[in-house]
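In what follows, a structure is listed as structure tokens, so that the remarks can point back to it.
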Amino acid sequence: MNIIQVKDYAEMSKKAAELLIKKVKANPSINLGLATGGTPKGLYKELIHDHTQNGTSYQKVTTFNLDEYIGMKANNPNSYHYYMADALFNHIDIPAQHTHLPNGRAQNNEQECIRYDQLIDSLGGIDLQVLGIGQNGHIGFNEPGTPFHSPTHIVKLEESTRQANARYFNSIDEVPTHAITMGISSIMKSKEILLLVSGESKSEAMQKLLHGEISEDFPASILKNHPCVTIIADQKALSGILINS
Ligand code: GLP
């Protein structure tokens with residue numbers, strides 16, 4: 001894993017945007033895997049800024065998001081459909097039909113999981129997957145204990161994850177109990193992975209990721225087995241952590 005150490009959230013976002021824009025310019029038809037949460041918001045702002053200022057085009061880009069809450073309408077401001085439209089898609093020139101998220105309101109959830117993985121495969125797989133990390137090491141919504149071979153599936157969210165995400169809702173009761181997430185095997189199939197980590201609340205997770213063992217109890221640890229992972233982490237996320245380089 002290649003670790004890029006940066007000062008703070010702003011620098012992490014700029015660095016991630018630089019990297020991603022370079023990839024889009026090198027391959028205008030790139031398939032991007034995208035994440036939600038607080039972490040990539042700054043990256044998306046930088047991409048919009050660059051698109052507006054420099055005209056980097058996303059007309060041929062295809063995107064796949066990691067996850068969506070179960071039962072939430074796309075027009076609910078807390079849905080990841082809404083988040084992506086608001087944080088990125090509405091502000092760049094990507095055609096709506098090129099942007100894909102799992103459907104949290106499918107009639108048949110199991111079919112939806114299969115459909116999503118097949119869709120990714122049929123469009124050539126993900127070239128670059130952007131990831132955040134949960135405090136308990138989750139990636140996407142793959143909670144601790146998720147088998148590493150899991151494809152896209154339905155998960156029951158851990159209480160700690162619901163608590164962590166409650167800041168976006170009016171109350172914890174509104175936070176959904178289930179989500180649909182790209183599985184760990186789906187994520188690991190990406191040709192390249194870019195993990196963004198910022199803030200003190202993530203330093204324990206970083207410590208485990210860099211110095212712990214590979215275990216299903218800490219989902220992100222599987223990334224050590226991926227041949228092409230770049231981590232951009234800020235000083236707070238890396239506080240007190242020894243980096244072997
Ligand atoms: C959320 C998302 C993940 C995200 C993580 C961290 O629950 N499902 O994709 O990476 O938790 O979120 P944040 O970036 O807000 O800390």
Side-chain angles (χ1 to χ4, degrees), residues 6 8-10 12-13 15-17 20 32-46 63-72 76-84 86-88 100-104 113 116 126 128-146 150 152-169 172 174-184 186-188 190 193-206 208-209 218-223 229-234 236-238:
V6 293
D8 54 17
Y9 182 82
M12 178 197 76
S13 305
K15 196 92 216 152
L20 206 139
L32 294 174
L34 299 178
T36 51
T39 308
K41 276 223 158 143
L43 158 65
Y44 299 149
K45 273 195 184 141
E46 291 291 339
T63 64
F64 301 96
N65 264 80
L66 284 166
D67 43 21
E68 178 57 287
Y69 290 117
I70 291 291
M72 209 176 260
N76 182 320
N78 281 312
S79 77
Y80 289 163
H81 278 77
Y82 189 100
Y83 169 112
M84 287 309 301
D86 186 53
L88 183 64
H100 306 283
L101 288 95
N103 179 5
C113 294
Y116 199 63
I126 294 170
L128 175 68
Q129 174 68 57
V130 176
L131 285 182
I133 186 170
Q135 291 172 27
N136 61 4
H138 72 237
I139 46 176
F141 265 133
N142 292 283
E143 298 281 29
T146 306
S150 60
T152 293
H153 61 287
I154 307 294
V155 286
K156 184 173 189 311
L157 300 176
E158 283 205 351
E159 267 323 290
S160 62
T161 299
R162 293 184 67 236
Q163 292 283 357
N165 288 359
R167 65 188 190 277
Y168 300 117
F169 294 78
I172 180 82
E174 284 183 17
V175 185
T177 53
H178 290 77
I180 175 169
T181 182
M182 211 186 267
I184 294 185
S186 326
I187 293 171
M188 287 294 280
S190 311
I193 289 176
L194 176 63
L195 173 65
L196 307 180
V197 196
S198 168
E200 222 173 323
S201 66
K202 300 291 172 69
S203 68
E204 208 180 310
M206 275 309 281
K208 283 192 186 151
L209 176 61
F218 192 77
S221 62
I222 192 65
L223 298 177
V229 176
T230 299
I231 302 175
I232 308 180
D234 70 8
K236 283 189 175 157
L238 291 170

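Because only heavy atoms are used, hydrogens play no part in the values below, and waters and symmetry mates are left out as well, while side chains stay in. For ligands, and for the atoms within them, numbers begin at 1 and follow the listed sequence. What you are looking at is a predicted structure, and each value in this text was computed from that prediction instead of being measured.
For residues 196-205, the pairs satisfying side-chain hydrogen bond (donor to acceptor under 3.5 Å, both in side chains) are S198-D234, with sequence neighbours left out.
Among residues two or more places apart in sequence or in another chain, the salt bridge (Lys or Arg N to Asp or Glu O under 4.0 Å) test is passed with K45 by none. By the side chain to side chain contact (heavy atoms under 4.5 Å, CB included) test, A10 pairs with D8, sequence neighbours left out.
For the residue pair E68/N103, the side-chain donor-acceptor check at 3.5 Å is not satisfied.
Under the side-chain contact (heavy atoms from CB on, under 4.5 Å) test applied with F141, the options N165, I180, L66 reduce to a single match, N165.
In this pair, Y80 and Y69 present their aromatic rings tilted. The plane angle is within the 30 to 60° band.
When heavy-atom distances to ligand 1 are checked against 4.0 Å, the residues falling inside are G37, G38, T39, D67, Y80, G132, I133, H138, G140, F141, N165, R167, Y168, K202, ordered by chain and number.
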